[in-house]
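These notes concern the structure reproduced below.
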Amino acid sequence: MTGTTPAAPFTAGDYRSRMTRAARTAAEAGLAGLLIAPGPDMVWLTGYTPTAVTERLTLLVLTPGGDPVLVVPTLEAPDAEKADGAAVLSLRNWTDGTDPYAVTAELLGKDGRFGVSDNAWAMHLLGLQKARPDTAYASLTDALPMLRAVKDAAELDLLAAAGAAADAAFEEIRTVAFAGRRESDVGHDLAALLRRFGHEQVDFTIVGSGPNGANPHHEVGDRVIQDGDMVVLDFGGLKDGYGSDTTRTVHVGPPTAEEREVHDIVRAAQEAGFAAVRPGAACQDVDRAARAVITDAGYGEFFIHRTGHGIGVTTHEPPYMIEGEEQPLVPGMCFSVEPGIYLPGRFGVRIEDIVTVTGEGGRRFNNTTREMVVVG
């Protein structure tokens, strides 16, 4: 996989379709429009990433029935014009010394409640609210949590390729020496492997050995990995703009009967969570299925996080597989299934795959073995 072919870029038509759908979805949710700041939502909708996010206002304005408009500082307009989606939107420049909020306010069309991307700066939102006190705002996570959740065929292909690249990294890392090396050394190896297999961005490389594995977000440290350690490996990032995220738990040398038992319980829970994936099921059903296996085995108090999260142009996004989330699963949704057991001061086990909902059930994007892997 070292010579992977770059993915074909999305077309202007793809971005037009996304912006049209987003505006329509906003109207169906009772919103007067959407205000999208630089970040994953803007990338997904327009293909544009500013070279630097500064105090200068950049904002995509989408209103039902209106043409999409990207408000940009004049000095950044040349870069914005090169974006893949620029051909299907209008640019509205503003220069230093003028009021960008007045420029933006003219585009809102009518009073009402607007959805705002979660990473919008408070100073920008407050400035706009001052210019248009008749407007109200809601975060996209609250107002349109499923905006990016259902992926099209091209996006599914990109997520599958990212998953395959992460799998290739695991197949390599399981052959390296663990005992006698620091967690940070193995983490460095994982990051290098992800890049070798096509990732342009590495978001995390968790290497939790022995007692550190009982902390789900330990990342890496200077602890020297020892013979007899359980080691949680959780890693991922972006390949061609789409995320990977997988976890396998390996053992340095032969495991004890208890360690193997705990690993087998987590593996059964992960399988149960995957088996619960089907159109029309609620997100919480996936969590319930995985959690029931661990609880029935007597380890329920040691499963301390949700079962999964969505993935796309970011490695964490809606939907979330958690109790209380009644959002129905829809074909094209993509998310992790990652139950775990964490025994404080001793060890942890987590097994994670990215899956997508199909017309009949689920499909995994990670396909490395879920059996106990013994490393040296």
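No experiment lies behind these values; they were computed from the predicted model shown.
- Between Asp353 and Arg248, at least one side-chain nitrogen of the basic residue sits less than 4.0 Å from a carboxylate oxygen of the acidic one, meeting the salt-bridge criterion.
- No single ILVMFWY cluster, assembled from side-chain heavy atoms under 4.5 Å apart, contains both Met42 and Val71.
- The minimum heavy-atom distance linking Arg21 with Leu147 is given by the pair NH1-O, 3.8 Å.
- For the pair Glu183/His218, a side-chain contact is recorded, criterion being any heavy-atom separation below 4.5 Å from C-beta on.
- Using a cut-off of 4.0 Å between Lys/Arg side-chain N and Asp/Glu carboxylate O, Glu271 and Arg364 are scored as salt-bridged.
- No side-chain donor-acceptor contact under 3.5 Å links Thr74 to the backbone of Asn93.
- Looking only at side-chain heavy atoms (C-beta outward), Trp121 and Val53 come within less than 4.5 Å of each other.
- Taking a 4.5 Å side-chain heavy-atom cut-off between Ile, Leu, Val, Met, Phe, Trp and Tyr, the cluster of Met333 extends to Met146, Val150, Phe274, Val277, Val286, Met321, Leu329, Val330, Phe335, Val337, Val355, Val357.
- For the pair Leu159 and Thr356, the minimum side-chain heavy-atom distance is 4.5 Å or more.
- Under a 4.0 Å N-O distance rule, the pair Arg306/Asp287 does not qualify as a salt bridge.
- Remark: side-chain polar atoms of Glu172 are not paired, donor with acceptor, to backbone N or O of Ala169 under 3.5 angstrom.
- Taken together through direct or relayed side-chain contacts under 4.5 Å among Ile, Leu, Val, Met, Phe, Trp and Tyr, Tyr48 and Leu62 form part of one hydrophobic cluster.
- Summarising the local packing, CD of Glu326 is surrounded by 12 or fewer heavy atoms from other residues, nucleotides or ligands at distances under 6.0 Å.
- Looking at heavy atoms from C-beta onward, Val232 lies out of side-chain contact with Tyr342 at the 4.5 angstrom threshold.
- A distance-only check finds a donor-acceptor pair linking the side chain of Arg278 to the backbone of Ala276 [under 3.5 Å].
- In terms of the salt bridge (Lys or Arg N to Asp or Glu O under 4.0 Å) criterion, residue partners of Asp185 (sequence neighbours excluded) are, by chain and number, Arg182.
- For the residue pair Ala166 and Leu194, the shortest heavy atom distance occurs at CA-CD2, 4.1 Å.
- Checked for salt-bridge contact, Glu371 and Arg174 miss the test: no charged N lies under 4.0 Å from a carboxylate O.
- The ring pair (Phe, Tyr, Trp, His ring centres under 6.0 Å) check on Phe114 picks up nothing, with sequence neighbours excluded.
- Here the closest heavy-atom approach between residue Thr247 and residue Glu352 is recorded as OG1-OE1, 2.6 Å.
- The backbone N or O of Arg350 lies less than 3.5 Å from a partner atom in the side chain of Thr249, making a donor-acceptor pair.
- Asp167 contributes a side-chain N or O that, together with a main-chain N or O of Asn367, makes up a donor-acceptor pair within less than 3.5 Å.
- Residues Tyr101 and Arg132 have side chains that never bring a donor and an acceptor to within less than 3.5 angstrom of each other.
- A side-chain donor-acceptor contact under 3.5 Å links Asn366 to the backbone of Ile354.
- Under the 4.5 Å side-chain criterion, counting only non-hydrogen atoms from C-beta, Thr46 is not in contact with Val88.
- Arg56 has no carboxylate O lying under 4.0 Å from a charged side-chain N of Glu76, or vice versa, which leaves the two without a salt bridge.
- Taking the salt bridge (Lys or Arg N to Asp or Glu O under 4.0 Å) definition, one finds that Glu261 meets it with nothing, sequence neighbours left out.
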Run the side chain to side chain contact (heavy atoms under 4.5 Å, CB included) test on Val262 and Met230 for me, step by step, so that the C-alpha distance in whole Å, both residues' side-chain angles and the decisive distance to 0.1 Å come before the verdict.
CA-CA 11 Å; Val262 171; Met230 195 85 85; 5.7 Å; no
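- Transitive grouping of hydrophobic side chains (ILVMFWY, heavy atoms separated by less than 4.5 Å) brings Val375 and Val186 into a common cluster.
- In this structure, the side chain of Gln284 engages the main chain of Gly324 through a donor-acceptor pair within 3.5 Å.
- Using a distance-only test at 3.5 Å, with no hydrogens or angles considered, no donor-acceptor pair links the side chain of Gln270 to the main chain of Ala290.
- The hydrophobic cluster containing Tyr15 also contains Val313, counting ILVMFWY residues as joined when their side-chain heavy atoms lie under 4.5 angstrom apart, directly or transitively.
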Apply side chain to side chain contact (heavy atoms under 4.5 Å, CB included) to the pair Asp79 and Lys82, showing each step before the final yes or no.
CA-CA 5 Å; Asp79 287 335; Lys82 298 174 185 176; 4.2 Å; yes
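- Sequence neighbours left out, not one pair with a member in residues 135-180 passes ring-ring contact (aromatic ring centres under 6.0 Å, His included).
- Of the N and O atoms on the side chains of Asn212 and Ser209, not one donor lies less than 3.5 Å from an acceptor on the other residue.
- Other residues, nucleotides and ligands contribute only 12 or fewer heavy atoms inside 6.0 Å of the CZ atom of Arg92.
- Taking 4.5 Å as the limit, every side-chain heavy atom of Asp96 sits out of range of all side-chain heavy atoms of Pro73.
- Side chains of Thr104 and His124 form no contact here, defined as non-hydrogen atoms less than 4.5 Å apart.
- Across all non-hydrogen atoms, the minimal contact from Ala32 to Pro64 is O-CD, 3.3 Å.
- Linking Ile, Leu, Val, Met, Phe, Trp and Tyr whenever their side-chain heavy atoms come within less than 4.5 Å leaves Val72 and Val69 in two separate clusters.
- Taking every heavy atom of both residues into account, His199 and Gly237 meet most closely at CD2-C, 3.6 Å.
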Intermediate values then yes/no, side chain to side chain contact (heavy atoms under 4.5 Å, CB included), Val207 and Leu233
CA-CA 5 Å; Val207 181; Leu233 303 172; 4.0 Å; yes
What's the verdict on side chain to side chain contact (heavy atoms under 4.5 Å, CB included) for Val252 and Gln226, showing C-alpha distance, side-chain angles and the deciding distance?
CA-CA 7 Å; Val252 185; Gln226 303 170 23; over 6 Å; no
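- For the ring-ring contact (aromatic ring centres under 6.0 Å, His included) condition, the pairs that include at least one residue of residues 306-332, sequence neighbours left out, are His309-His316.
- Residues Ala214 and Pro216 approach most closely at O-CD, 3.5 Å, considering heavy atoms.
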Between His217 and Phe204, is a ring-ring contact (aromatic ring centres under 6.0 Å, His included) present by the stated rule, with each step listed?
CA-CA 10 Å; His217 283 173; Phe204 49 89; 8.5 Å; no
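- A donor-acceptor distance shorter than 3.5 angstrom exists from the side chain of Trp94 to the backbone of Leu57, with no hydrogens or angles considered.
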After noting the C-alpha distance and the side-chain angles of Asp229 and Arg223, does the key distance pass the salt bridge (charged side-chain N to carboxylate O under 4.0 Å, His left out) rule?
CA-CA 11 Å; Asp229 278 348; Arg223 184 181 185 275; 2.7 Å; yes
